[in-house]
Number of protein chains: 2
Amino acid sequence: MVVDSELSEIAVDRIFRALADSTRRDILRRSSIEELNVSDLAAQYRMSFAAVQKHVAVLEAAELVIKRVQGRERLVRADPKTIAKAETLLKQYQQIWRDRIDRLDNLLATDP
Amino acid sequence: MVVDSELSEIAVDRIFRALADSTRRDILRRSSIEELNVSDLAAQYRMSFAAVQKHVAVLEAAELVIKRVQGRERLVRADPKTIAKAETLLKQYQQIWRDRIDRLDNLLATDP
DNA sequence: AGAATCTACAACCATTTGGTTGTAGATTAC
DNA sequence: GTAATCTACAACCAAATGGTTGTAGATTCT
């Protein structure tokens with residue numbers, strides 16, 4: 001039985017790995033609100049431009065953000081589809097647990 | 001504005017980090033279905049007992065599973081509360097994006 | 001054209017991660 | 001009591017991660 005249906009395990013690894021860093025979560029949040037270039041993002045954190053660039057690359061590899069070229073800028077925006085996929089995955093784990101509870105309930109109800 | 005409300009950033013890091021490995025996700029799935037000891041889990045994977053033990057420890061540190069002592073065994077079961085929290089976090093990101101869409105819609109509707 | 005801005009990317013470093021083997025402590029079975 | 005089972009934990013190793021600085025390529029501004 002497979003929990004995942006449309007994403008490869010590697011892709012799921014990348015999504016959760018990308019979400020496992022507060023700087024990246026903040027980049028995701030900011031780029032959910034408005035499209036930003038990498039310099040604007042970098043200005044928000046106490047780390048080098050290159051470090052923020054790497055964080056954006058991790059989010060991009062996970063397909064959590066999309067980068068668009070406009071002149072010399074790279075505009076970053078969140079991709080809500082991938083976030084939705086991650087949420088769906090967690091829902092499936094919860095569903096497994098709910099099914100288990102249901103089975104226990106039925107057991108207790110039918111066998112008093 | 002803070003996305004998280006009750007979990008520390010470090011705790012969120014640990015949750016997503018723990019989910020970023022297919023072996024750990026499988027352990028979580030199996031321990032969602034039934035309580036298992038570490039040996040039973042280890043038998044499922046092509047890696048050493050100690051490696052599986054470490055994976056369980058990562059899940060435990062993230063509070064995604066709970067370990068219970070019974071005799072010489074350590075019984076592992078998923079903690080649905082933490083899974084639910086992770087799902088809630090992702091929902092919040094989606095909500096930010098939906099709010100943005102709503103704002104754009106309103107803008108387009110009121111200013112033709 | 002020249003300067004400033006935005007980005008890419010390489011090289012490097014310390015720490016963490018994911019695996020291994022090996023040893024030892026409890027608990028259970030015989 | 002002894003053997004088998006289940007677990008904990010240390011020590012070690014290779015690879016990945018998260019940061020740095022430095023250099024260079026486009027693009028825009030004056």
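In this text the structure is predicted, and so the values were computed from the model without any measurement.
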Report all side-chain donor-acceptor pairs from residues 70-80 of chain A shorter than 3.5 Å, counting only partners two or more places apart or in another chain.
unit_1  : atom_1 : unit_2  : atom_2 : d
A:Glu73 : OE2    : A:Asn37 : ND2    : 2.6
A:Arg74 : NH1    : A:Arg72 : O      : 3.4
A:Asp79 : OD1    : A:Lys81 : N      : 3.0

In residues 62-69 of chain A, what donor-acceptor pairs under 3.5 Å come from side-chain atoms, sequence neighbours left out?
unit_1  : atom_1 : unit_2  : atom_2 : d
A:Arg68 : NE     : A:Glu35 : OE2    : 2.9
A:Arg68 : NH2    : A:Glu35 : OE1    : 2.9
A:Arg68 : NH2    : A:Glu35 : OE2    : 3.4

TODO: Quick one: closest heavy-atom pair of B:Phe16 and B:Leu89, and the distance?
DONE: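 In terms of heavy atoms, the two residues are closest at CE1-CD1, 4.1 Å.
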
Task: Which residues share a side chain to side chain contact (heavy atoms under 4.5 Å, CB included) with B:Ala50, sequence neighbours left out - done: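 With neighbours one apart ignored, the set is B:Ser48, B:Gln53.
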
Task: Contacts of B:Val58 that satisfy side chain to side chain contact (heavy atoms under 4.5 Å, CB included) - sequence neighbours left out - done: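 Scan of B:Val58 (side chain to side chain contact (heavy atoms under 4.5 Å, CB included), adjacent residues dropped) gives B:Ala18, B:Arg24.
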
Please identify each residue that fulfils side-chain hydrogen bond (donor to acceptor under 3.5 Å, both in side chains) with [X], with sequence neighbours left out.
| X | value |
| --- | --- |
| B:Glu34 | none |
| A:Asp21 | none |
| B:Arg30 | B:Asp26, B:Gln44 |

Open item on the list: Please tell me if A:Ser39 has a side-chain N or O lying less than 4.0 Å from either OP1 or OP2 of C:dT5.
Closed with: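 Result: no.
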
TODO: Summarise how protein sits on nucleotides 17-30 of chain C as a single string, 5' to 3': B when a protein heavy atom is under 4.0 Å from the base, S for sugar-phosphate-only contact, - for no contact.
DONE: SSBBB-----BB--

Task: Nearest-angstrom distance from the residue atom CG of A:Leu36 to C1' of C:dC6 - done: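 Rounded to whole Å, this separation is 14 Å.
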
Task: Whole-Å gap separating C1' (C:dA8) and CZ (A:Arg74) - done: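 Checked: the CZ to C1' distance equals 8 Å.
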
Task: Side chain proximity check, A:Ser22 to B:Val12, heavy atoms < 4.5 angstrom - done: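 A side-chain contact under 4.5 Å is absent here.
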
Open item on the list: With heavy-atom distances below 4.5 Å as the criterion, would you say the side chains of B:Leu90 and A:Leu19 are in contact?
Closed with: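 Side chain of B:Leu90 against side chain of A:Leu19, heavy atoms only: contact under 4.5 Å found.
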
Open item on the list: Does anything in residues 59-68 of chain B come within less than 4.0 Å of DNA chain C? Heavy atoms only, and list the residues if so.
Closed with: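 Correct list: empty, so none.
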
Task: Angle by which the axis turns from one end of the helix from C:dA1-D:dT30 to C:dC30-D:dG1 to the other, five pairs per end, to 10 degrees - done: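 Comparing the axis at each end, I get an angle of 30°.
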
